[in-house]
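What follows is a single structure, written as structure tokens, with notes after it.
Here the structure is a predicted model, which is why all the values come from computation and not from measurement. In what follows, chains carry the letters A, B, and so on, assigned in the order in which the sequence lines appear, proteins first and then strands, with residues in each chain numbered from 1.
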Amino acid sequence: MFPIVSFHVHIKPITPRFILPKASKTIQSHEPIIKSQNLKSATSVKKRRAKRIKTLVDSRNISSTRRLLTYVESGCLEDALHVFENMSDSSTFIWNMIIRGLTNNGFFQEAIDYYHRMQFEGVKADCFTFPSLIKACTAVFATVEGQKVHSRIIKLGLDSDIYTCNALILMYAKVGYVKDSNEIFEGMPVKDLVSWNSMISGYVLAGDGRRSLTCFNKMQADGLKPDRFSIISALGACALGHFLLNGKEIHCQVIRRRFQLDLMIQTSLIDMYGKCGLVKYAEGVCNSISQKNVVVWNAMIGTYAVNDKSFESFACAREMQENDNLIPDIVTMINLLPSCAKLEALAQGKAIHGYAIRKGFLPHLVLETALVDMYGKCGRLKLAEGMFFHMKERNLISWNAMIAAYVQNGRAREALEMFQDLRYEKFFPDEMTFASILPAYSEKALPKEGMQIHSYICKLGFATSTFISNALIYMYAKCGDLQTAKKIFDSMLFKDLISWNTIILAYAIHGFGASSITLFSKMREEGIKPNGSTFVSLLSSCSVAGMVEEGWEYFNSMKRDYGINPGIEHYGCMLDLLGRAGNLDLAKRFIDEMPLTPTARIWGSLLAASRHHRNVELAELARNHVLSLNHDNTGCHVLLSNMYAEVGRWEDVEQVRCWMKNQGLENTIGCSIVEYNSNTFRFTNHDKSQIKSNMIYEVLDIISRKIGKNQYVPDVTKFKPLDLLKKRDNAPFCHSVRLAISFGLISTSVGNPVLVRKNIRICEDCHNAAKKISEITNREIVVGDSKIYHHFRDGRCSCRDYW
DNA sequence: GTAGGGTTAG
């Protein structure tokens, strides 16, 4: 398939979830990603042509002005500049020539600089100067410069010049001031087809597909016939807003107007169908093109990529090289990288990176951002960081990619720091930023911090977005504020499947299984069809709330009633349920018989069940499987080590600890946090650093005496004296959760629940203590551990003592 | 003798 050549790329073994139904779609490991002949850079045709023209022009006796014009028109910029700098004449005409030459050859800032020089030298700009100059300002997003130029145009009385206005329309739309574009457009005394096309295209540039189409229709109502430019832009609008019906209408128009052989229109049609999710239609258009160019192929590769057809996108890239002998370009790379990310095909991704370096594609803002994204999604955070921090130029999208990479790799702290840093840059967060950062808040924050980010979202006007609301529901639920999560859900104008899945999961996290099931019924009543994720939410809910029978019923109904094949996540939830029921043999058999390869999560679930039912042998087996999968899940090892300690197998404890040390794995330091007066208070075990420390310990002492201080210390007779000492150092009496609960009890008013968040799972001793504390203090205590929320009330916990 | 609108991209 694709890029690169000088070495063969091997794709990593693909886990079952990535195998497509058709076996023919697999990538052959012996196939290089990019063919070798494509590595040879195309000899510079342009340079040779320029040389020819120069020889021709030099041999003739023509004026400098004519010579300048010829050089500019043939792209011989160096020669043009040389002639220009040696000319004695300094007319507006020759300045216009040089500004146009610079702009058309991509030297935008230089074009602006020459305009300044022109002003400095007192040469008056005219209506021919501005279109090229504005184009240059647009290209480099020189908003302020563009506005100054606009004032100058008004002063010179050129603001009704049709060419200049058309250029201004595009400039304002591209730099984010589409209202100004519209004002210019509406104020034009005479509009031509280009003016309409500029406005249609301007709305697309501004991301407003709906207004673009309105403009397209208005133009026709005004009696103007759309040309190929109008159609290409209008198709862009349909692609942007996923307006399939409008897109199809335009396709009909294309056929009626006999535009169907226009390659650019065909490309736009592929893109439109691709973005609207109609892959078959896109393929149809693509197949009808006899002479495809790279852009057509790229549009098709992009279509497959956005429609989750990663293998097809690779196959398409191969076909482009093998059948059409075309060389992949930067856009090909950019379109393929998401497919690498989807398949976690790191080798392919690296091969593309290597190819890009060899071809001299880097540095390139979009390509580098796509690489950050790919490395992040393939779990290579270091590579993503290396890419991002070495980028010469970054925009909001690159920042979003890096923030998302941190979040996806469990580094919420770094993600939050980056989000703070963003404020020091010239960027304002957009929808994507919030969608990426909210999971980090879900991981780390408490309700007040969550509310702060929520109000920031409202301030920037993103609160009505379904996309963002879904992320907010999850964040509030994970922060412990289920009520606000539900409030947001209820107030949403448009709820999609993800909204329903999220609210069902929200209740699952808090152990309210019955509510999850009620919500599922409501969802069905509203005609929303569940998907695989819905069942992950539902089965988790059944598992957390101990609803074993209901869980089995939903698991069986997936395939039977909804045609959904259970995935590894569903098997994981069922295993949690079996673990809760206590039949470990059945759980083990369930793993042996399941049709998918067990993952670390599956073995982790068995390990948790073994811990709960004190089966050390099975726990060892589960941990060995986790080890064989090369998974660095610290929790598994700590769990086993604790089990060994509980039965007094101290040598084994030491062995696990030593092994962890050798592997460079550190035991996560447990900490619990409580919010009080908008401040977050953090406690570690035996913490005495808080201001109210004395009071906290006094309260803890009173409580402990009431619930029986030694009641939950494991049987000490099993311990060796030295180990007993060690154990006492870490006595559950002073565990961070209890310190946090004590602090919560004295700092919150009676009647309100005490909310504590913990970074690791709650231990059995503290779980028992929390139940007792809720009983004797008559307070609701809510402890969110790394997986679920425990609601302690009247001596009972919502998890029914299984977690 | 000069100028403006278009395809694929995170």
Side-chain angles (χ1 to χ4, degrees), chain A residues 62-63 65-70 72-73 91-101 103-104 125-135 138 158 161-171 173 192-202 204-205 226-236 239 262-272 274-275 282 286 292-303 305-306 320 328-338 341 361 364-374 376 391 394-402 404 432:
Chain A
I62 52 171
S63 72
T65 309
R66 170 60 69 184
R67 190 171 293 178
L68 175 68
L69 184 60
T70 316
V72 165
E73 285 185 338
S91 67
T92 299
F93 177 78
I94 65 159
W95 280 96
N96 290 350
M97 279 290 93
I98 211 71
I99 290 171
R100 176 186 149 215
T103 302
N104 288 349
D126 65 8
C127 62
F128 289 99
T129 319
F130 293 112
S132 300
L133 177 65
I134 297 164
K135 203 173 161 185
T138 310
L158 295 171
D161 175 70
I162 203 159
Y163 283 83
T164 307
C165 286
N166 294 345
L168 281 170
I169 288 170
L170 276 178
M171 180 191 78
D192 65 3
L193 188 58
V194 181
S195 318
W196 283 96
N197 289 346
S198 302
M199 202 58 238
I200 296 165
S201 162
V204 175
L205 287 173
D227 66 358
R228 53 193 299 273
F229 292 95
S230 338
I231 284 175
I232 289 163
S233 297
L235 285 171
D262 185 310
L263 202 57
M264 281 191 193
I265 290 183
Q266 288 168 316
T267 311
S268 300
L269 279 168
I270 293 173
D271 181 55
M272 181 274 294
K275 300 248 168 74
C286 189
K292 300 180 191 64
N293 63 10
V294 179
V295 183
V296 170
W297 281 109
N298 287 347
M300 203 56 229
I301 294 168
T303 291
V306 298
M320 161 181 126
D329 67 2
I330 294 185
V331 181
T332 321
M333 309 291 107
I334 294 164
N335 275 343
L336 278 174
L337 285 168
F361 289 162
H364 184 282
L365 178 64
V366 180
L367 182 54
E368 286 164 314
T369 305
L371 283 164
V372 170
D373 181 69
M374 181 274 296
M391 280 170 77
R394 299 181 198 107
N395 62 10
L396 181 62
I397 304 170
S398 347
W399 277 80
N400 288 349
M402 196 60 230
M432 208 55 186

Legend entry - Side-chain donor/acceptor contact of A:Asn395 with base of B:dG10 under 3.5 Å: yes
Inset, instruction - Can you figure out which of B:dG5, B:dG10, B:dA3 approaches the side chain of A:Ser201 most closely? - result: B:dG5
Inset, instruction - Figure out the CG/C1' separation between A:Asp192 and B:dA3, and round it to whole Å. - result: 12 Å
Legend entry - Residue A:Ile334, side-chain atoms from C-beta onward, closest of B:dG10, B:dA3, B:dT8: B:dG10
Legend entry - Nearest-0.5 Å distance that lies between atom CG in A:Leu396 and atom CE in A:Met432: 10.5 Å
Legend entry - Approximate separation, where rounding is to 0.5 Å, of A:Ile232 CD1 and A:Leu269 CG: 9.5 Å
Inset, instruction - Could you check whether A:Cys165 gets within reach of a base, just the sugar-phosphate, or nothing at all, counting any heavy atom under 4.0 Å? - result: nothing
Inset, instruction - Over all heavy atoms of both residues, which pair between A:Gly101 and A:Val72 is shortest? Give the atoms and the distance, please. - result: CA-CG1, 3.7 Å
Legend entry - Spacing of A:Ile270 atom CD1 relative to B:dT7 atom C1', expressed in whole Å: 10 Å
Inset, instruction - For the side chain of A:Phe128, starting at C-beta, report the closest nucleotide among B:dG10, B:dA3, B:dG5. - result: B:dA3
Inset, instruction - Check the distance between B:dA9's C1' and A:Ile397's CD1 and give it to me in whole angstrom. - result: 9 Å
Inset, instruction - Check step by step if side-chain contact (heavy atoms from CB on, under 4.5 Å) holds for A:Leu235 and A:Asp271. - result: CA-CA 8 Å; A:Leu235 285 171; A:Asp271 181 55; over 6 Å; no
Legend entry - Nearest-nucleotide pick for A:Arg100, side chain only, options being B:dT2, B:dG10, B:dT8: B:dT2
Inset, instruction - Look at the side chain of A:Phe93 and decide which nucleotide, out of B:dG10, B:dT2, B:dG5, has an atom nearest to it. - result: B:dT2
Inset, instruction - Rounded to the nearest angstrom, tell me the gap between atom CG in A:Asn104 and atom P in B:dA3. - result: 8 Å
Legend entry - Value in whole Å for how far the P atom of B:dG5 lies from CD1 of A:Ile265: 17 Å
Inset, instruction - Give the nucleotide from the list B:dA3, B:dT2, B:dG5 with an atom nearest to the side chain of A:Leu170. - result: B:dG5
Inset, instruction - Nearest whole angstrom, please: distance from the P of B:dG10 to the CG of A:Asn335. - result: 6 Å
Inset, instruction - Find the distance A:Asn293:CG to B:dT8:C1' and express it as a whole number of Å. - result: 9 Å
Inset, instruction - Go through B:dG5, B:dT2, B:dT8 for me and flag the one nearest to the A:Met97 side chain. - result: B:dT2
Legend entry - Which nucleotide in B:dG5, B:dT2, B:dG10 has an atom nearest any side-chain atom of A:Asn96: B:dT2
Inset, instruction - Could you say whether the aromatic ring of A:Tyr163 and the base of B:dA3 stack, counting only centre distances under 5.5 Å and plane angles under 30°? - result: yes
Legend entry - Partner residues of A:Thr129 under the side-chain contact (heavy atoms from CB on, under 4.5 Å) criterion, sequence neighbours left out: A:Thr92, A:Asn96, A:Ile99, A:Tyr115, A:Met118, A:Ala125, A:Asp126
Inset, instruction - Answer yes or no: does a side-chain N or O of A:Lys275 lie under 4.0 Å from OP1 or OP2 of B:dT7? - result: no
Legend entry - Which nucleotide in B:dG10, B:dA9, B:dA3 has an atom nearest any side-chain atom of A:Asp271: B:dA9
Inset, instruction - Please state whether the base of B:dG10 and the side chain of A:Thr369 form at least one donor-acceptor pair under 3.5 Å? - result: yes
Legend entry - salt bridge (charged side-chain N to carboxylate O under 4.0 Å, His left out) partners of A:Asp262, counting only residues at least two apart: A:Arg228
Inset, instruction - Look at the side chain of A:Thr267 and the base of B:dT7, then say whether one donor and one acceptor between them are separated by less than 3.5 Å. - result: yes
Inset, instruction - Any chance you could measure A:Ile301, atom CD1, to A:Ile270, atom CD1, to the nearest 0.5 Å? - result: 11.0 Å
Legend entry - Sugar-phosphate, base or nothing in reach of A:Ser398, heavy atoms under 4.0 Å: base
Legend entry - Residue A:Met264, side-chain atoms from C-beta onward, closest of B:dT7, B:dA3, B:dG5: B:dT7
Inset, instruction - Please work out if A:Asn400 contacts a base, only the sugar-phosphate, or nothing of the nucleic acid, heavy-atom cut-off 4.0 Å. - result: nothing
Inset, instruction - Just call it for A:Asp262: base, sugar-phosphate, or nothing, with non-hydrogen atoms closer than 4.0 Å on any strand. - result: nothing
Inset, instruction - Starting from C1' on B:dG5, measure out to CG on A:Leu193 and report it in whole angstrom. - result: 8 Å
